[in-house]
Asker: 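My structure is below; once you've seen it, I'll send some questions.
Every number for a ligand or one of its atoms is a count from 1 in the order of the listing. All values derive from a computational prediction rather than experimental measurement. Note: hydrogens, waters and symmetry copies are ignored here, and every other heavy atom, side chains too, is used.
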Amino acid sequence: MMAQYLALKEQAGDCLLFYRMGDFFELFFDDAKVAAGVLDIALTTRGEHGGEPVPMCGVPVHSAEGYLARLIKGGCRVAIAEQVETPEEAKARAKREGTPVSKALVARDIVRFVTAGTLTEEALLEPRRANVLAAIAPVRGSVGVASVDISTGRMELEECGEGALGALLARLGASEVIAPEGRVDTPDGAIERDAREFSSESGDKRLRAIHEVATLDAFGTFSRPMLAAAGGLLAYLDHVGRGTMPLLLPPVARDGEGTLAMDAATRSSLEILEAQGGGRRGSLVAAVDRCVTGAGARQLAEDLSAPLTDRAAIGERLALVGWLHEDQLLRDEVRTALKSLPDIGRALGRVVAGRGSPRDLGQLRDGLGMARQLRDRLRQAEDRPPLLDALLPDLAGHGALADHYGRALVTTPPTERAKGGFIAEGYDHALDDLRQTSGNARRAIAALEAKYRDETGVGSLKIKHNGVLGYFIEVPARHGDALMAADSGFTHRQTLANAVRFNSLHLHEEASRIAEAGVHALAAEEAHFEELVEEAVAAREAIARTAAALARIDVAAGNAERAAEDGWTMPEVVDAPCLEIEGGRHPVVEAALAGSGERFVANDCTLSETDRLWLVGGPNMGGKSTFLRQNALIVLLAQAGCFVPASAARIGLVDRLFSRVGASDNLARGRSTFMVEMVETAAILSQATERSFVILDEVGRGTSTYDGLALAWAVVEAVHDTIACRCLFATHYHELALLADRCEALSLHHVRAREWKGDLVLLHEVAEGSADRSYGLAVAKLAGVPAAVVKRARSVLDKLERGRAETGGIAAGLGDLPLFAAAVEAEEEQCDTLRDELRALDIDALSPRDALEKLYELKREAGER
Ligand code: ADP
């Protein structure tokens, strides 16, 4: 057995090997240790290998899915080795081969690899998230990227420059990335595969074979890097599926042109699909998503990850949202209809991958039927927007299939296929006859029971069934002897403590009829299942289109619903380089505040060609970041074709969106380095165009005051003079206000705050002009910094400001830090907190013990100075 195991393990490579033994999948050696750790299950041992006990753990086959899900989540990949023959077959084989039958080992083979990017099981997938597998193929300075969501079969091929790969992968959010082995620039975490598999010839050939076409021209124009990536992707799928290909729809060539470009840093800083802490909560998508289907939620995530730059296409989406926004009754009706819709895209994925169940077929039947009903309903509606008219035909392409499935399947088909019972009555007369035969036999058995009771006079006689004996007659032990008599017509089968079991000729006959009819019925159902699957496979592209159309409608209806909840409006998307937002709000912050009963303060933002760069100052916590981000998010939402959280919005198309946060705000991410901040800023300066929109939040903060100020200054100048794009720049450097004199398209703004009775009131209102002061100490007090520390800071500040005034203002102040430091030191002597504390001490109120403790404390403090 060990030899067989090791051979399979060799094939499994770095995947954990699930080795089937009876009702368990067992893991051995290091696999066992890893799995036991991730799954938190017991690690035991079994036998010895090389003189050492072999670590082992196992999971029951019937609940393996749950364990698989946890392993995949834990970053593992799993190879499943099944028994591919029965013990009898193994013995027969041993006999043929002349090996000892007693040592015959059941043959096993890896039937499948389970990896994060190649899942189709409902239980292992998140309903509201696409599951993307991507392959990259670098070819001379350019990189081909092939991506597929095999749960729905969507496949895209694209190409980008080497430098843009990070941004592209960030957009895809793949759960598994594969790359040719042996390259230095392979992205972290990518799985390396034989480089020869990434060839454009094999990509082309495999795609043509899968889609049974002589050329791929009908699907689009694909470059060599794209095809090379496809080659690697398909070879991997072939390997993982052990020859069974999953659902793959014709590839779509995608060029970056049509989408709003955003790099990885921008995506994470805007928290589009995931909040900074990880997870969907607190992300943009979570704040926007009102989809009622998983497919809709996946489409929305895709829309937000890749907003459009084509005004007409954006307008089409917006018109559909607008139409559903206006008619609440219709919207409700549509959403109610969609709510009960099964996930037909994923059901199709399982069916095509050969892992479909009768229930999946039932889902296709129900989903396609509902789609048709929805089409009929929507066709009656008036003033339909063009996008809807374009979608309607996709909703009803499968009358024949839905009807056929309707006749063939029972109302609620089971998840398990092996036991049959999913083909409806009246669909196949031969099957009906078989079922009737076994039904008759069952009734005959019931009649036999009554007859035997009469004949034997044993009222408690029963005819029962179990997996080992089949049908048998059972009487309580004390009646056993009576039935044992040779002429009773019963043959003894088993004696238990309380009961004795028998067979009879009649019972045997009826039981055989049931068994035989059952076997035939199962075979008949199995054959029908195959036919039904084939039909779905043949119609896969049309079914996928239906699924996509339903998802698109759900996205629009969900967005209309979201807009209605909070008074969002339809943005006007124009070509002019403007950004005019009235009463804009941040959807995530607003939702968070609503939770605590606070109100969000809406703010305007008006950028134009002549006033395109706003410097936003004001106290910490005043709402600068929020203001910057809300405007970026509004642009993103608008170009994704969504309504926006503002009372009015007019948005000039943006080609690239950039968002950066100063390094010190990033400390929590464990990459405090100023370097990262500068690398990311450099990317903006080299990639942004006149049509871009850039938000920079406290850039320059990750280094010392003067470096930081100088860099912030230079960055603002470059953005203003050279790039000339729309930009919001938040900063706490008052000194930057001086830039207003030299940059004509730059204006000063600040978030307002007031001190009221010594307390700071943050108004979260964006107003014109520069911030008068920073309120830093007031913020510190608000944040709960001890009063003594705030007081001390105030006196230091006074000194600094006095020094600054004496040396002649801001510009001169830049060089005078040593002078201030000296002043501060002198102050230290006088402002002796130790003395203050002593003065405040009420000695009479202290117990001797407290007094001693206090003395130690004072001594400690004195020691620190
Ligand atoms: P800053 O960038 O100026 O330090 P933030 O934008 O991070 O400030 O805002 C700090 C907090 O203030 C937010 O978490 C939010 O609770 C609140 N806030 C920000 N903007 C608003 C607003 N427009 N209306 C109400 N509360 C706001």
Asker: Looking just at side-chain N and O atoms, do Thr309 and Asp655 make a donor-acceptor pair shorter than 3.5 Å?
Answerer: no

Asker: Just let me know how Leu762 lines up against ligand 1, side chain, backbone, both or neither, with a heavy-atom cut-off below 4.0 Å.
Answerer: neither

Asker: Check this for me - ligand 1, Asp697, N or O atoms closer than 3.5 angstrom, yes or no?
Answerer: no

Asker: What atoms in ligand 1 come closer than 4.0 Å to a heavy atom of Asn620?
Answerer: 4 (O)

Asker: When you compare ligand 1 with Gly622, is there at least one nitrogen or oxygen pair between them that comes in under 3.5 angstrom?
Answerer: yes

Asker: For Leu633 versus Pro587, what's the shortest heavy-atom pair and its separation?
Answerer: CD1-CD, 4.3 Å

Asker: Considering only heavy atoms, does Arg599 approach ligand 1 within less than 4.0 Å through its side chain, its backbone, both, or neither?
Answerer: backbone

Asker: Give the residue and atom name of whichever protein heavy atom lies nearest to atom 16 (O) of ligand 1, and the separation in Å to one decimal.
Answerer: Leu593 CD2, 3.8 Å

Asker: Can you tell which part of Ala602 has a heavy atom less than 4.0 Å from ligand 1: side chain, backbone, both or neither?
Answerer: neither

Asker: Could you tell me if Arg660 and Thr266 have a donor-acceptor pair between their side chains, going purely by distance under 3.5 Å?
Answerer: yes

Asker: Could you find the nearest protein heavy atom to atom 15 (C) of ligand 1 and give me its residue, atom name and distance?
Answerer: Val589 CG1, 3.9 Å

Asker: Check whether any N or O atom of Met621, backbone or side chain, sits under 3.5 Å from an N or O atom of ligand 1, and answer yes or no.
Answerer: yes

Asker: Identify, for atom 12 (O) of ligand 1, the protein heavy atom at the shortest distance, and state residue, atom and that distance.
Answerer: His764 CE1, 3.2 Å

Asker: Applying ring pair (Phe, Tyr, Trp, His ring centres under 6.0 Å), which residue pairs with at least one partner in residues 597-650 are found, sequence neighbours left out?
Answerer: His325-Phe643, Trp614-His749

Asker: Look at ligand 1 and say whether Ala730 reaches it with a heavy atom at a distance under 4.0 Å.
Answerer: no

Asker: Under the side chain to side chain contact (heavy atoms under 4.5 Å, CB included) rule, collect the residues that match up with Ala551, sequence neighbours excluded.
Answerer: Ala295, Gln299

Asker: Can you see which heavy atom on Val654 is nearest to which on Val635, and at what distance?
Answerer: CG2-CG1, 3.7 Å

Asker: Could you tell me which non-hydrogen atom of Val292 sits nearest to which non-hydrogen atom of Arg335, and how far apart they are?
Answerer: CG2-O, 3.6 Å

Asker: Should we count CZ of Arg129 as having more than 12 external heavy atoms under 6.0 Å?
Answerer: no

Asker: Hey, is ligand 1 close enough to Gly623 that some N/O pair sits below 3.5 Å?
Answerer: yes

Asker: Of the protein's non-hydrogen atoms, which lies at the shortest distance from atom 23 (N) of ligand 1, and what is that distance?
Answerer: Val601 O, 2.8 Å

Asker: Nearest protein heavy-atom contact for atom 6 (O) of ligand 1: which residue, which atom, what distance?
Answerer: Thr626 OG1, 2.5 Å

Asker: If every non-hydrogen atom of Arg281 is compared with every non-hydrogen atom of Ala275, which pair is closest and at what distance?
Answerer: O-CB, 3.1 Å

Asker: For ligand 1, which atoms have a heavy atom of Pro619 less than 4.0 angstrom away?
Answerer: 3 (O)

Asker: So does Leu762 get a backbone contact from the side chain of Arg754, meaning a donor-acceptor N/O pair under 3.5 Å?
Answerer: no

